[in-house]
Amino acid sequence: MDASVYLRKAVYGRWAVACAFFFNGFLVGSWAPQIPVFMVRLGISEFTLGLLILIFGVGALSAMPWCGYLISRFGSRAVVKGFAVFCSFSLLLVALAPNVLTAAPALFLFGAVIGGMDVAMNANAVEVEKKLSRAVMSSSHGFWSLGGFAGGALGGLVIEAHGHLAHALVVTLIAIVLGMATFGYMITEDSPATQEKHKLEFPTNPLIYLIGLMALFSMVPEGSVLDWAALYLQQERGADIATAGFAFAAFSGTMSIMRFLGDGVRNRFGAVKTLRYSALIGATGMLIASVAPNSWIAILAFAFAGLGIANMVPIAFSAAGNQKGTSSGMALSMVTLMGYSGILVAPSAIGFVGGRTGFGPVYMVLAGLLIVVFLMSNLAKSADVDRS
């Protein structure tokens, strides 16, 4: 293939995978404004809602291990496109569910297809990095955050004006158009058929599990800020409700900005050095937040932590996908499973502990987890693509 044609296809593939991340984040973001309506419509309590949201998380985690097998058999592009078809209609199924008995399997399916697509699009981003010989993973995750913001913002306006069902239909149409217009440009592995494709199995390379541990320790702090920072500021630092809401907003805002800048930083300084400094910045921010004398210092500390945590998971995913001798899909399915447990499962345990000890000590311990990632940062060497 002519070098210019090869490069042009890789560039198209880079923007196509960015659209896949946006697509996935848009659907998740569109679910958030549906939640209050969903609760009232089904007449359920906060406890039941919590269980249903947990079912969404269980669906995502249950699908992730299968994706390595599917990617090794069909290639990441085909798997992204296949899951995207189901993703497009999944929110509509939840919006149509008339009771808890139908909502539970609908949410399980929603979580499963979102989680499965997540693994496949990360695997595809690794392939783009290989073909372009530069990092794109951090900005790809930035597009996920941008999609989440767009989905949440659009959802509130449409639901208020036209209702939850009209909103779900609009989201479905946008998802279909976006997928049809862009996913055909995605690249895929050069020869997925050469990978083991006869059975589902777990990676045998122990480094995959250590990288998965890094991803887990990077995502537990993110999940803890999402679920508990506002309560921490309100109960332990005397913030009012409006001020407490700035904690995650500041954290996610700096994280989004840094993810779009992260590829340039990583291309210049390398994955290991970027991960080291990122872990130190994240740990410092979490530690200051844990001992902050007032809510505004804690908010600034969470914002500082977001700068560091932003690029840790993308680097871990790139490191997993570039392990020699292991299918990138299989490696990423395990690392994604381990990492997302930090957002989908760990926060419930954190809430249990924080309710008894206070969240200040919890955030101090989470700073320690980021120090562990700092000590393990040499494992990220494989995230640097070969530029020769």
Side-chain angles (χ1 to χ4, degrees), residues 61 64-65 68 119 122-123 125-126 129 135 137-138 141 202-225 251 255 258-259 262-263 265-290 304-328 330-347 349-350 362-386:
L61 295 178
M64 288 173 180
V119 174
N122 275 286
V126 169
E129 289 186 328
M137 186 68 81
S138 291
H141 282 254
F202 293 104
T204 56
N205 184 350
L207 284 178
I208 299 299
Y209 299 95
L210 291 174
I211 293 170
L213 195 64
M214 286 200 308
L216 173 63
F217 287 178
S218 300
M219 295 184 85
V220 169
E222 182 179 349
S224 71
V225 176
F251 177 84
M255 178 180 282
M258 196 61 209
R259 279 183 167 168
D263 291 330
V265 173
R266 186 173 134 201
N267 286 326
R268 179 172 181 180
F269 297 106
V272 172
K273 187 176 289 187
T274 302
L275 183 59
R276 279 183 186 149
Y277 284 108
S278 294
L280 285 178
I281 292 170
T284 301
M286 297 297 283
L287 181 62
I288 294 173
S290 73
F304 188 69
L307 291 173
I309 294 172
N311 292 308
M312 294 172 66
V313 171
I315 289 173
F317 284 175
S318 289
N322 283 300
Q323 288 296 315
K324 296 187 182 300
T326 304
S327 160
S328 63
M330 185 183 298
L332 273 164
S333 66
M334 180 53 61
V335 171
T336 304
L337 173 66
M338 294 178 68
Y340 276 89
S341 298
I343 287 181
L344 299 173
V345 177
I350 288 172
V362 169
Y363 285 123
M364 193 175 295
V365 171
L366 296 181
L369 294 184
L370 297 175
I371 293 297
V372 174
V373 178
F374 167 80
L375 296 174
M376 299 172 70
S377 57
N378 276 334
L379 296 178
K381 285 180 181 178
S382 58
D384 287 323
V385 292
D386 184 6

Enquirer: Listing request: all side-chain hydrogen bond (donor to acceptor under 3.5 Å, both in side chains) pairs with a residue in residues 334-347, at least two apart in sequence or in separate chains.
Expert: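 Matches after skipping sequence neighbours: D118-Y340.
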
Enquirer: Quick one: closest heavy-atom pair of I208 and A331, and the distance?
Expert: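 Closest pair (atom of I208, atom of A331, distance): CD1-CB, 3.4 Å.
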
Enquirer: So which atom in A319 and which in S382 form the shortest heavy-atom distance, rounded to 0.1 Å?
Expert: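 Between these two residues, the closest heavy atoms are O-OG, 2.9 Å.
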
Enquirer: Are the side chains of I309 and L370 in contact, using a 4.5 Å heavy-atom criterion?
Expert: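 Touching, per the 4.5 Å side-chain cut-off.
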
Enquirer: For residues N122 and H141, is any side-chain donor paired with an opposing acceptor at under 3.5 Å?
Expert: yes

Enquirer: How long is the gap from CG on N311 to CG on L275, to the nearest 0.5 Å?
Expert: 9.5 Å

Enquirer: Which is it for K381 and N378 under the side-chain contact (heavy atoms from CB on, under 4.5 Å) test, yes or no, and what are the steps along the way?
Expert: CA-CA 6 Å; K381 285 180 181 178; N378 276 334; 4.2 Å; yes

Enquirer: So which heavy atom on F217 is nearest to which on V373, and how close?
Expert: CB-CG2, 3.6 Å

Enquirer: Mind checking what makes side-chain contact (heavy atoms from CB on, under 4.5 Å) contact with A125, not counting sequence neighbours?
Expert: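 Here the qualifying residues are V17, F21, M137, S140.
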
Enquirer: Begin from the C-alpha positions of I350 and V220 and carry the test side-chain contact (heavy atoms from CB on, under 4.5 Å) through to its verdict.
Expert: CA-CA 9 Å; I350 288 172; V220 169; 3.7 Å; yes

Enquirer: Hey, what do you get for CD (E129) to CG (D384), rounding to the nearest 0.5 Å?
Expert: 9.5 Å

Enquirer: Could you tell me which non-hydrogen atom of L332 sits nearest to which non-hydrogen atom of V126, and how far apart they are?
Expert: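 Shortest heavy-atom contact: CD1-CG2, 3.9 Å.
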
Enquirer: For F251, check ring-ring contact (aromatic ring centres under 6.0 Å, His included) against everything at least two apart and list the hits.
Expert: none

Enquirer: Do side-chain atoms of S318 reach the backbone of I315 as a donor and acceptor pair under 3.5 angstrom?
Expert: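 It does not hold such a pair.
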
Enquirer: Please determine whether side-chain contact (heavy atoms from CB on, under 4.5 Å) holds for the pair M286 and V225, giving the CA-CA distance in whole Å, both sets of side-chain angles, and the decisive distance to 0.1 Å.
Expert: CA-CA 9 Å; M286 297 297 283; V225 176; 4.2 Å; yes

Enquirer: Which residues pass the side-chain contact (heavy atoms from CB on, under 4.5 Å) test with Y277, sequence neighbours left out?
Expert: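 Expected list: K273.
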
Enquirer: Sub-3.5 Å donor-acceptor pair from the side chain of S138 to the main-chain atoms of R259, do we have one?
Expert: no

Enquirer: Please answer whether the main-chain N or O of M338 pairs with a side-chain N or O of Y209 as donor and acceptor at a distance below 3.5 Å.
Expert: no

Enquirer: Over all heavy atoms of both residues, which pair between I281 and G308 is shortest? Give the atoms and the distance, please.
Expert: CG2-N, 3.7 Å

Enquirer: If we count only N and O atoms by modelled type, under 3.5 Å, do the side chains of S377 and R276 hold a donor and an acceptor together?
Expert: yes

Enquirer: Identify the residue among V335, L379, N205 that makes a side chain to side chain contact (heavy atoms under 4.5 Å, CB included) with L210.
Expert: L379

Enquirer: For L337, give me all partners under side-chain contact (heavy atoms from CB on, under 4.5 Å), at least two apart in sequence or on another chain.
Expert: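 So L337 forms a side-chain contact (heavy atoms from CB on, under 4.5 Å) with L61, M64, P65, M334.
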
Enquirer: Is there side-chain contact between V265 and M258, with at least one heavy-atom pair below 4.5 Å?
Expert: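 Yes, their side chains come closer than 4.5 Å.
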
Enquirer: Looking at T274 and S278, what are the two nearest heavy atoms and their distance?
Expert: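 The pair with the smallest heavy-atom distance is O-OG, 2.7 Å.
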
Enquirer: Residues two or more places apart in sequence or in another chain: which of them pass side-chain contact (heavy atoms from CB on, under 4.5 Å) with L287?
Expert: S290, M364, A367

Enquirer: Return yes if some donor-acceptor pair links the side-chain N/O of R266 with the main-chain N/O of A383 below 3.5 Å, else return no.
Expert: yes

Enquirer: Rounded at 0.5 Å granularity, tell me how far CG in L207 sits from CG in L213.
Expert: 12.5 Å

